[in-house]
Number of protein chains: 2
Amino acid sequence: MKLSTRSRYGLKAVIDLAIAYGAGPVSLPVLAGSQGISEGYLEQLLRELKKGNVVDTVRGAQGGYELTCDPAELSVQRVLNLLEGSTAIVDCVGTLHHNCTSACSCSARPLFLKLQTRINDVLARTTIRELADDYVQQKARGIPCKNICEKA
Amino acid sequence: MKLSTRSRYGLKAVIDLAIAYGAGPVSLPVLAGSQGISEGYLEQLLRELKKGNVVDTVRGAQGGYELTCDPAELSVQRVLNLLEGSTAIVDCVGTLHHNCTSACSCSARPLFLKLQTRINDVLARTTIRELADDYVQQKARGIPCKNICEKA
DNA sequence: TAAAATCCCTAGTAAATTAGTTGTCTTACG
DNA sequence: CGTAAGACAACTAATTTACTAGGGATTTTA
């Protein structure tokens with residue numbers, strides 16, 4: 001059930017781009033530096049997002065990445081689908097072809113369907129803009145860290 | 001985001017045990033045969049469930065596995081937590097210790113928390129009894145397979 | 001009491017996935 | 001032209017997943 005680092009890194013990069021939306025492209029070194037990860041790895045993720053038409057690129061000096069649309073119009077679902085390949089928890093409830101020959105007689109399928117519906121609901125309703133706004137506001141208010149960062 | 005086969009096999013085995021609840025233990029060969037998987041593999045999963053006190057065992061001939069409690073009192077969450085180790089989508093929203101040092105300044109954390117809440121909600125509210133009942137009824141009515149099993 | 005049916009446990013392994021790294025090429029700005 | 005950027009492919013290392021193998025312990029039953 002874990003979300004891959006691909007998804008986590010990629011999603012955060014998209015949020016960074018949302019914050020910079022309208023202010024010109026952001027370069028890979030800046031995006032990677034913001035998360036402290038390698039440029040090579042993040043580049044792969046951004047390329048997937050470009051293929052999916054979520055980001056656009058500007059080559060050459062002063063170039064970089066930028067969102068193709070307003071963050072308010074961009075759902076988390078769309079982003080994660082590109083990064084993760086699919087957001088289905090089991091193949092037999094995904095939108096694409098599946099290869100479970102016993103889906104109809106599967107005792108756990110009702111659960112899977114219910115779970116998937118709830119997950120899709122959150123992912124489809126949540127926009128990148130919301131996440132970016134939350135983040136900016138949180139930073140502005142300087143909310144202190146309470147018990148969250150403690151290691152066990 | 002995928003659920004492992006551990007979870008799928010293990011969960012289905014628990015549903016099988018729920019259907020047989022009160023009628024004596026069910027042996028490993030029967031449980032494994034029901035899903036067409038190897039006994040050795042399923043045994044590992046059942047052992048985890050035993051450790052977690054979800055199933056009990058009876059050794060020797062006519063022995064097998066049985067649920068320790070009424071399926072109506074058994075949540076899917078408890079079962080999956082044992083099989084999957086944790087049902088957290090990212091470590092920083094799990095109940096156990098996590099090692100993300102920047103959880104407090106993480107731009108995607110609000111999403112993760114919301115998602116996890118919805119997932120936990122479904123998992124905690126859904127009982128094994130419900131799944132078993134659904135399954136038994138579906139079988140009894142002989143609902144035909146509509147478009148679900150077609151391969152793409 | 002011996003044989004058969006069960007669960008118990010550890011260790012190993014093969015395949016797949018994840019998480020990267022490296023290096024070369026292309027494009028554009030100044 | 002030189003430098004700052006992205007584009008792309010290929011390779012690798014580490015981890016996780018999904019098993020398999022095989023012997024041991026316990027209980028029933030003939």
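Here is how names work: the chains are called A, B, and so on, in the same order as the sequence lines, proteins then strands, and each is numbered from 1.
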*Asks:* Could you give the CD-to-C1' distance, from A:Glu39 to C:dT21, as a whole number of Å?
*Replies:* 12 Å

*Asks:* As a test of reading the structure: which of C:dT10, C:dG20, D:dC19 is closest to the side chain of B:Tyr41, going by heavy atoms?
*Replies:* D:dC19

*Asks:* Indicate yes or no: at least one non-hydrogen side-chain atom of B:Asn53 is less than 4.5 angstrom from one of B:Arg78.
*Replies:* yes

*Asks:* How is B:Pro25 classified with respect to the nucleic acid when contacts are heavy atoms under 4.0 Å: base, sugar-phosphate, or nothing?
*Replies:*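 No contact.
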
*Asks:* Can you tell me how far P of D:dA25 sits from CZ of B:Arg47, to the nearest Å?
*Replies:* 15 Å

*Asks:* How about A:Leu80 and B:Met1: do any of their side-chain heavy atoms sit closer than 4.5 Å?
*Replies:*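 They are not in contact (no side-chain heavy atoms under 4.5 Å apart), so the answer is no.
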
*Asks:* Do the side-chain N or O atoms of A:Lys50 get closer than 4.0 angstrom to the phosphate oxygens (OP1, OP2) of D:dA7?
*Replies:* yes

*Asks:* Starting at atom CG of B:Leu31, determine the distance to atom P of C:dT6, rounded to an integer number of angstrom.
*Replies:* 12 Å

*Asks:* Provide the closest heavy-atom pair for A:Leu3 versus A:Glu84 in the form atom of the first, atom of the second, distance.
*Replies:* CA-OE2, 4.2 Å

*Asks:* Nearest heavy atom decides the nucleotide; on that basis, is A:Ala61 or A:Glu43 closer to the 5' end of DNA chain D?
*Replies:*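 Result: A:Ala61.
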
*Asks:* Does a side-chain N or O from B:Ser38 land closer than 4.0 Å to OP1 or OP2 of D:dT20, or not?
*Replies:* yes

*Asks:* What integer distance in Å separates B:Leu42:CG from C:dT6:P?
*Replies:* 15 Å

*Asks:* So, does B:Tyr65 get its side chain near the phosphate of C:dC8, meaning an N or O under 4.0 Å from OP1 or OP2?
*Replies:* yes

*Asks:* Between B:Lys12 and B:Asp16, is there a salt bridge with N-O shorter than 4.0 Å?
*Replies:*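 Judged by the 4.0 Å cut-off on N to carboxylate O distance, B:Asp16 and B:Lys12 do not form a salt bridge.
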
*Asks:* Where the side chain of B:Ser27 is defined as all heavy atoms beyond and including C-beta, which of C:dT6, C:dC29, D:dA9 is the nearest nucleotide?
*Replies:* C:dT6

*Asks:* Using the closest heavy atom to pick a nucleotide of DNA chain C for each, name whichever of A:Val58 or A:Ser4 lands nearer the 5' end.
*Replies:*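 On the 5' side of the pair lies A:Ser4.
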
*Asks:* Taking 4.0 Å as the cut-off, does a side-chain nitrogen or oxygen of A:Thr5 come that near to OP1 or OP2 on C:dT18?
*Replies:* no

*Asks:* Classify the side chain of A:Gln44 versus the base of C:dT18 as yes if they form a donor-acceptor pair under 3.5 Å and no if they do not.
*Replies:* no

*Asks:* If I take atom CD1 from residue A:Ile89 and atom CG from residue A:Asn120, how far apart are they, to the nearest 0.5 angstrom?
*Replies:*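 These two atoms lie 9.0 Å from each other.
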
*Asks:* Rounded to the Å, how far apart are A:Gln62 CD and C:dT27 C1'?
*Replies:*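 That distance rounds to 14 Å.
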
*Asks:* Nearest whole Å is fine: how far is D:dA7 C1' from A:Glu48 CD?
*Replies:*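 Atom CD in A:Glu48 sits about 13 Å away from atom C1' in D:dA7.
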
*Asks:* Distance criterion of 3.5 Å, no angle test: do you see the side chain of A:Arg6 paired donor-to-acceptor with the base of C:dT18?
*Replies:*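 Answer is no: no donor-acceptor pair is held.
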
*Asks:* Separation of A:Leu83 atom CG from C:dT17 atom C1', in whole Å?
*Replies:*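 It is 16 Å, rounded to the nearest whole Å.
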
*Asks:* To the nearest Å, give me how far apart CZ (B:Arg8) and P (D:dT17) are.
*Replies:*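 Atom-to-atom, B:Arg8 to D:dT17, this comes out as 13 Å.
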
*Asks:* Is any side-chain heavy atom of B:Arg8 closer than 4.5 Å to a side-chain heavy atom of B:Thr5?
*Replies:* yes

*Asks:* Compare side-chain N and O positions of B:Lys2 against OP1 and OP2 of D:dT17 and report whether any pair is under 4.0 Å apart.
*Replies:* no

*Asks:* Ignoring hydrogens and geometry beyond distance, is the side chain of B:Arg59 in donor-acceptor contact with the base of D:dA25 at under 3.5 Å?
*Replies:*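 Yes, a donor-acceptor pair under 3.5 Å.
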
